[in-house]
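Working notes, beginning with the structure itself.
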Amino acid sequence: MPQIWAIACESKNKLLKEEWMMPTGDQILARRIVDAAMRNKDTIDPIINRASLSCSGQLVGLEYCLKSIESILSKFSRSTSGRKTVNDALRYTVLLPRMEYVQKFESFITFVEGYGIYEKRRRNGWAVEDAARGGYRGINSVFEMQDHNPRAVSSKFQFEVQFHTWDSFQAVKNMHGIYDDIRELDRYDDERARGEVRAVHTFAFVKCPPGANLLPSIDWRGRYVHPFDWFEFDRRWKMA
């Protein structure tokens with residue numbers, strides 16, 4: 001009898017272990033997102049590099065552009081709207097000369113369009129007139145292209161490009177990890193408040209490129225958003 005009981009317990013423990021090891025729906029989805037990013041990365045990398053060089057820019061941090069499954073799962077858990085879409089599984093960073101930032105940014109957009117890559121969303125952090133009110137400085141754009149897997153669930157693949165000046169990029173590096181901590185903490189947490197204050201102080205000394213604050217943002221519907229409507233747009237961007 002004790003032997004039968006031991007066998008039953010062992011079977012139950014094995015079943016529980018197998019259930020624990022089975023991937024959840026979110027884990028399966030995150031794996032598919034990473035697979036799509038890896039599938040398209042070899043095509044996108046050289047295009048972004050050539051586009052950067054063509055507008056006197058520099059592609060940096062290429063070795064860190066691919067998000068991990070853990071990072072995507074963390075993003076799922078932070079979403080206040082419950083959405084399970086990710087458009088920055090591939091995230092590139094391009095540095096542009098400050099005095100020619102606007103012209104070079106527009107040249108970049110035109111260059112990648114020649115490869116069938118189109119800007120779909122844009123968050124213009126330069127549009128905040130007072131850095132102390134907004135913190136982050138730079139432009140984050142979401143681009144869309146044809147997915148190279150004809151059997152993919154969606155025929156389109158999206159990725160993000162961040163456009164910085166040298167100074168704004170250094171500010172981002174100084175804030176490394178702090179933004180993640182801010183997102184994980186409750187909005188009334190003292191540590192989060194300290195992180196937000198540090199962000200304001202870090203970006204307050206970053207000079208805005210001439211005319212960059214006048215560039216419109218683009219919402220998820222493809223509509224241009226006037227710079228003075230930035231705060232409402234920023235709220236919706238974070239909820240998406």
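Note: hydrogens, waters and symmetry copies are ignored here, and every other heavy atom, side chains too, is used. Everything numeric here is computed off the predicted structure, so don't read it as measured data.
- Take F159 and apply the ring pair (Phe, Tyr, Trp, His ring centres under 6.0 Å) test, not counting sequence neighbours, and it matches Y92, F143.
- Residues E113 and Y118 meet the side-chain proximity criterion, which asks for heavy atoms closer than 4.5 Å.
- Considering CZ of R123 and CD of Q162, their distance stands at 9.5 Å, rounded to 0.5 Å.
- Counting heavy atoms from C-beta on, the side chains of I28 and T24 never come closer than 4.5 Å.
- The shortest non-hydrogen separation linking K67 to V34 is O-CG2, 3.9 Å.
- Closest approach of Y224 and P216 over heavy atoms only: CD2-CG, 3.5 Å.
- Remark: D35 pairs with R31 by the side chain to side chain donor-acceptor pair (under 3.5 Å) rule, at least two apart or across chains.
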Check residues 98-107 and write down every donor-acceptor pair under 3.5 Å in which the side-chain atom is one partner and the other belongs to a residue at least two apart or another chain.
unit_1	atom_1	unit_2	atom_2	d
R98	NH1	C208	O	3.2
Y101	OH	W126	NE1	3.0
Y101	OH	F163	O	2.8
S107	OG	Q103	O	3.0

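- Separation of atoms OG1 (T93) and CD1 (I48) is listed at 11.0 Å; rounding is to 0.5 Å.
- By the rule that hydrophobic residues join a cluster once side-chain heavy atoms approach within less than 4.5 Å of another member, L95 and V161 end up as members of separate clusters.
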*asked:* As a quick check of understanding, evaluate side chain to side chain contact (heavy atoms under 4.5 Å, CB included) for Y115 and M145, giving each step before the final call.
replied: CA-CA 9 Å; Y115 290 87; M145 60 174 284; over 6 Å; no

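- A heavy-atom distance below 4.5 Å is not found between the side chains of H164 and V94.
- Put simply, the side chain of N174 gets close to the backbone of Q170: a donor and an acceptor are under 3.5 Å apart.
- Between D147 and N40 there is a side-chain heavy-atom pair separated by less than 4.5 Å.
- With hydrogens and angles disregarded, a donor-acceptor distance shorter than 3.5 Å links the side chain of S168 to the backbone of T165.
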*For N87 and R121, run side chain to side chain contact (heavy atoms under 4.5 Å, CB included): C-alpha distance rounded to whole Å, both residues' side-chain angles, the deciding distance at 0.1 Å, then the answer.*
CA-CA 10 Å; N87 51 32; R121 292 178 63 191; 3.2 Å; yes

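- E119 is listed as a side-chain neighbour of I218, based on a closest heavy-atom distance under 4.5 Å.
- For the salt bridge (charged side-chain N to carboxylate O under 4.0 Å, His left out) test, no residue two or more places apart in sequence or in another chain qualifies with E144.
- Residues F108 and F169 fall into different hydrophobic clusters, defined by Ile, Leu, Val, Met, Phe, Trp and Tyr side chains chained together at heavy-atom separations under 4.5 Å.
- Salt-bridge check for D167 with R137: failed, with every basic side-chain N at 4.0 Å or more from each acidic carboxylate O.
- Counting heavy atoms from C-beta outward, I33 and F76 have side chains that approach closer than 4.5 Å.
- The CD1 atom of I47 lies 11.5 Å from the CG atom of D42; values are rounded to the nearest 0.5 Å.
- Between the CD atom in Q158 and the CD1 atom in I117 there is a gap of 12.0 Å [rounded to 0.5 Å].
- N124 places no side-chain N or O within 3.5 Å of a backbone atom of I139 that could act as its donor or acceptor partner.
- Residues M38 and L73 fall within the same hydrophobic cluster, defined by Ile, Leu, Val, Met, Phe, Trp and Tyr side chains chained together at heavy-atom separations under 4.5 Å.
- Here the closest heavy-atom approach between residue R122 and residue S217 is recorded as O-CB, 3.1 Å.
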Let me have the donor-acceptor pairs involving side chains of residues 53-66, under 3.5 Å, with sequence neighbours excluded, atom names and distances please.
unit_1	atom_1	unit_2	atom_2	d
S54	OG	A51	O	2.7

*Could you go step by step and tell me if K41 and R39 meet the side chain to side chain contact (heavy atoms under 4.5 Å, CB included) rule?*
CA-CA 6 Å; K41 185 177 183 298; R39 182 169 63 244; over 6 Å; no

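- In this view, K173 satisfies the salt bridge (charged side-chain N to carboxylate O under 4.0 Å, His left out) rule with no residue, not counting sequence neighbours.
- When every heavy atom of A30 is checked against every heavy atom of I69, the shortest pair comes out as CB-CG2, 3.8 Å.
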*Do D88 and V142 pass the side chain to side chain contact (heavy atoms under 4.5 Å, CB included) test, and can you show the C-alpha distance, the side-chain angles, and the key distance before you say yes or no?*
CA-CA 8 Å; D88 63 348; V142 174; over 6 Å; no

